[in-house]
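Structure first, commentary second.
By convention here, the first residue in the shown sequence is residue 1.
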Amino acid sequence: MFKGLKDKSVIVTGGATLLGAGVVRGFQEAGTKVMVADIDADGGKALAASFTSGVVFRRTDITDDAQVQACVDETVKLHGGVDYLVNLACSYVDDGINASRADWQTSFNVNVASAVMMLKAVRPHMNKAGKGAVVNFTSISSKCAQTGRWLYPVSKAAMVQLTRNMALDLALEGIRVNSVSPGW
């Protein structure tokens with residue numbers, strides 16, 4: 001199906017969601033060893049159990065740096081490294097102008113800062129391999145205004161720019177960084 005993915009290792013944050021599960025299935029079908037990192041323990045366990053092999057779930061709160069590092073450490077122990085990172089997890093908390101400061105901080109913590117922390121944790125392993133690839137999930141919401149929604153579109157727009165910066169800074173290390181922007 002996809003050349004070069006067989007026997008590689010990927011971490012998919014937010015992998016227990018509908019979209020995340022589809023990404024996990026695609027990697028698993030290509031022969032990639034998958035670590036699903038998600039706060040949804042029931043969904044993550046059910047997803048991992050739906051495969052006969054190749055998919056492991058670890059409950060991971062990506063806003064907790066110790067849990068991020070533990071997820072990466074377990075992936076390296078089980079799979080021998082980390083070749084790919086898919087930053088898909090996000091917060092949909094959004095009440096437009098009525099959103100609180102805490103809502104804004106949660107949105108940016110989950111949707112932006114946590115992607116950076118996950119990349120920081122996998123980077124040494126990608127450097128050791130001499131290459132790696134990161135896919136950040138953004139959204140078509142990053143490019144259009146939506147009534148009553150401020151936090152999600154703004155944080156996804158930040159991810160678009162962050163992806164550009166990551167790509168520029170990590171290119172010389174052999175780490176490719178791209179984004180995809182799904183829509184309705």
Would a distance-only check, ignoring hydrogens and angles, find a side-chain to backbone donor-acceptor pair under 3.5 Å from T138 to V180?
yes
Going by the salt bridge (Lys or Arg N to Asp or Glu O under 4.0 Å) test, which pairs reach into residues 150-161, not counting sequence neighbours?
none
Between NZ on residue K131 and CD1 on residue I175, distance to nearest 0.5 Å:
12.0 Å
Rounded to the nearest 0.5 Å, what separates atom CG in L47 from atom CZ in R25?
6.0 Å
What residues, two or more places apart in sequence or in another chain, satisfy side-chain hydrogen bond (donor to acceptor under 3.5 Å, both in side chains) together with D103?
S100
Are there over 12 heavy-atom neighbours, none belonging to N98, within less than 6.0 Å of that residue's CG?
yes
For F108, all residues meeting ring pair (Phe, Tyr, Trp, His ring centres under 6.0 Å), sequence neighbours excluded
none
Output all residues satisfying side-chain hydrogen bond (donor to acceptor under 3.5 Å, both in side chains) with N127, sequence neighbours left out; order by chain, then residue number.
E173
Shortest non-hydrogen pair, A121 vs P124, comes out as O-CD, 3.5 Å
Grab the two heavy atoms, one from S141 and one from P153, that are nearest each other, plus how far apart they are.
O-CB, 3.2 Å
Show me the donor-acceptor pairs within less than 3.5 Å that the side chains of residues 77-89 make with the rest of the protein, sequence neighbours left out.
from: H79; atom 1: ND1; to: S9; atom 2: OG; distance (Å): 3.3
from: D83; atom 1: OD2; to: S9; atom 2: N; distance (Å): 2.8
from: Y84; atom 1: OH; to: G4; atom 2: O; distance (Å): 3.3
from: N87; atom 1: ND2; to: N136; atom 2: OD1; distance (Å): 2.9

Inter-residue atom distance K8.NZ - K33.NZ, 0.5 Å rounding:
9.0 Å
Please check: side-chain N/O of N178 versus main-chain N/O of V135, any donor-acceptor pairing under 3.5 Å?
no
Report whether V55 and V10 are members of the same hydrophobic cluster (ILVMFWY, side-chain heavy atoms less than 4.5 Å apart, transitive linking).
yes
Minimum side-chain heavy-atom gap M159-S179 below 4.5 Å
no
Test: ring-ring contact (aromatic ring centres under 6.0 Å, His included). Region: residues 25-69. Which pairs qualify, not counting sequence neighbours?
none
In terms of hydrophobic clusters joined by side-chain contacts under 4.5 Å, are L19 and M35 together?
no
Supply the atom-to-atom distance S142 OG to Q161 CD, rounded to the nearest 0.5 angstrom.
11.0 Å
Test side-chain hydrogen bond (donor to acceptor under 3.5 Å, both in side chains) applied to S50 - qualifying residues, sequence neighbours left out
none
ILVMFWY network linking M166 to V160, side-chain heavy atoms under 4.5 angstrom
no
With sequence neighbours left out, the residues meeting side-chain hydrogen bond (donor to acceptor under 3.5 Å, both in side chains) with T13 are none
Contact summary for L151 and G96, nearest pair of heavy atoms
CD1-O, 4.1 Å
Enumerate the ring-ring contact (aromatic ring centres under 6.0 Å, His included) contacts for residues 113-147, please, sequence neighbours excluded, ordered by first and then second residue.
none
Are there over 12 heavy-atom neighbours, none belonging to I39, within less than 6.0 Å of that residue's CD1?
no
Could you note down all residue pairs passing side-chain hydrogen bond (donor to acceptor under 3.5 Å, both in side chains) where residues 56-65 supplies at least one of them, sequence neighbours left out?
R58-E74, D61-T63, D64-Q67
Shortest non-hydrogen contact from G148 toward D94:
O-OD1, 3.7 Å
Is there a path of hydrophobic side-chain contacts, each under 4.5 Å between heavy atoms, that joins L5 and V24?
yes
Residues sharing Y152's hydrophobic cluster, by side-chain heavy-atom contacts under 4.5 Å among ILVMFWY, directly or via others?
Y92
Side-chain polar contacts of residues 110-119 - donor-acceptor pairs under 3.5 angstrom, sequence neighbours left out - could you list them?
from: N111; atom 1: OD1; to: S91; atom 2: N; distance (Å): 2.5
from: N111; atom 1: ND2; to: S91; atom 2: O; distance (Å): 3.2
from: N111; atom 1: ND2; to: S155; atom 2: OG; distance (Å): 2.8
from: S114; atom 1: OG; to: I62; atom 2: O; distance (Å): 2.9
from: S114; atom 1: OG; to: N109; atom 2: O; distance (Å): 2.7

Between D38 and G15, what is the shortest heavy-atom contact and its length?
OD2-N, 3.4 Å
Are V72 and L170 linked, directly or through other ILVMFWY residues, by side chains that come within less than 4.5 angstrom of each other?
yes
